[in-house]
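Here is the structure we will look at.
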Amino acid sequence: MTPRAVLISGAGIAGPTLAYWLARHGFRPTVVEHAQGLRSSGSPVDVRGPAVSAAEQMGIMPQLRAAGTEVTELCFVDDSGRRVGRIPMQTMGDSVELPRFDLATILFEAAREEAEFLFGDSIATLHQDAGGVDVTFEHAPPRRFDLVIGADGLHSRTRRLTFGPESAYVQHLGVWVATMPVDDLGLDRHKVLLHNAPGRAVALHPGRGKAMAAFMYRGPGDEGFDHRNTADHKRRLIAAYIGAGWHVPELLQRVGDVDDLYFDSVSQVRLDRWSIGRVALLGDAASCVSLFGAGSTLAMAGASTLAEALAATPADHEGAFRRYEREHRRLVAPKQRAVRQATALLIPTSRFSIAARNAATRLWPLASGVQPIRRALRRRRATSPDQEVPK
Ligand SMILES: Cc1cc2nc3c(=O)[nH]c(=O)nc-3n(C[C@H](O)[C@H](O)[C@H](O)COP(=O)(O)OP(=O)(O)OC[C@H]3O[C@@H](n4cnc5c(N)ncnc54)[C@H](O)[C@@H]3O)c2cc1C
């Protein structure tokens, strides 16, 4: 039988993982990526639980560990940089925290020999019939595929073309996020520093040799937001942080020059179904959890589940899509529910709630001194992908 041709839109985290597994299962994957190459911005992300299993089977755990950060705690600091609270952040078991760009690069390297990659292009139109999907691209000539998978992130074009406008599925969570690289500010490689003003947070992460700043602030959604308009992103970011203390004034000065700014709404994606006919969604396109969740872990785990489902019944893609969705929603749903707690913890809305949060985290070591509680927590964390300190 001719191997089935699958078009994957997006070479972020989910896309290359799926391409790798589909090729291993005898499919012919093509990945189309809008950017000219892999994009470098983005904060450290986690590979945990089910994603670790997928990475082990791909043989990439040594590379992931080598790129892993060495962060062990999140320190809350005041205007003068004094520590006023902390949360331990040791990764559990085999989990790894690494810069998003490194994870994307390692996954791409694993998949590049297995799949065709088209960079600097994008799906323009999709028309499916009983036998396949006719695809036109912005640049490449039209082609026909057996299946199309949208792994093109929060603002998925595949989703828009197949399910309708994103306003129906994307829910802004009242927070905006920006990340950018920063020169070494003499950061301790074990510590993430986080400074709060009411409704605003700024974090400095040492990364792995390449430090990064993250801005998270509360603000309403904006129908007119264009996720590709960097000049507008810079204006929004500077306006949101005017008057903030700590390192913020010097960070804002750098925003104007930085050419590697990631800025987006913190949003969740919720759809009643993840596939229509021969087109299915994966990763953030299907079920974005938000900044604080386990987006990369879920993207990798979902890709491996989808590939296994398709491999089990290659002639019945609809059955495979249903099984993938049923299984993967079990991981996604608790993550989507946990997001509001993380927002309250990291971006308190008043001076009182900042002080209360800091005081609570100072009590944390007392609790961790009780051995039975620690053991019980460790057991729960080892077995449940839901237990984690949010970023
Ligand atoms: C540059 C970048 C930086 C990020 N930084 C952060 C961060 O700091 N913090 C955080 O929590 N999350 C960040 N994310 C999101 C995070 O990577 C995802 O939540 C998670 O990894 C899920 O992976 P995904 O593969 O589903 O989506 P993503 O990792 O977002 O990958 C989607 C891919 O699809 C591509 N794409 C988009 N539109 C099209 C199109 N029309 N045609 C073809 N390709 C398209 C994108 O360029 C991207 O490569 C970032 C994403 C990107 C793209």
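Counting convention: from 1, in listed order, for ligands and their atoms alike.
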Selection from Ser43, Ala14, Ala214 by shortest heavy-atom distance to atom 7 (C) of ligand 1: Ser43
Which option wins on minimum heavy-atom distance to atom 51 (C) of ligand 1: Glu33, Met300, Arg160, Arg100? Arg100
Check each atom of ligand 1 against the heavy atoms of His34 and keep those under 4.0 Å away; list them by number with element. 39 (C), 40 (C), 42 (N), 43 (C), 44 (N), 45 (C)
Return a table of donor-acceptor pairs under 3.5 angstrom between the side chains of residues 49-69 and protein atoms on other chains or two or more places apart.
unit_1	atom_1	unit_2	atom_2	d
Thr69	OG1	Glu97	OE1	2.3

Ile242 CD1 to Arg200 CZ distance, which is reported to the nearest 0.5 Å: 9.5 Å
When you check the gap from the basic side-chain N to the acidic O, do Arg322 and Glu325 get nearer than 4.0 Å? no
Heavy-atom distance to atom 32 (C) of ligand 1: which of Gly10, Ala151, Gly295 wins? Ala151
Just by distance, do the side chain of Lys234 and the backbone of Val258 share a donor-acceptor pair under 3.5 Å? yes
In ligand 1, the atoms that come under 4.0 Å of a heavy atom of Arg228 are 37 (C), 38 (N), 39 (C)
Under 4.0 Å from a heavy atom of Ala299: which atoms of ligand 1 are those, numbered in the order shown and with their elements? 22 (C), 23 (O)
Are the charged groups of Asp222 and Arg236 less than 4.0 angstrom apart, N to O? yes
Of all the heavy-atom pairs spanning Leu331 and Ala301, show the shortest one and how long it is. CD1-CB, 4.2 Å
For Ile13, the ligand 1 atoms with a heavy-atom partner under 4.0 Å come out as 21 (O), 23 (O), 25 (O), 29 (O)
Residue selection (non-hydrogen contact nearest atom 33 (C) of ligand 1) among Ser9, Ser290, Gly12: Gly12
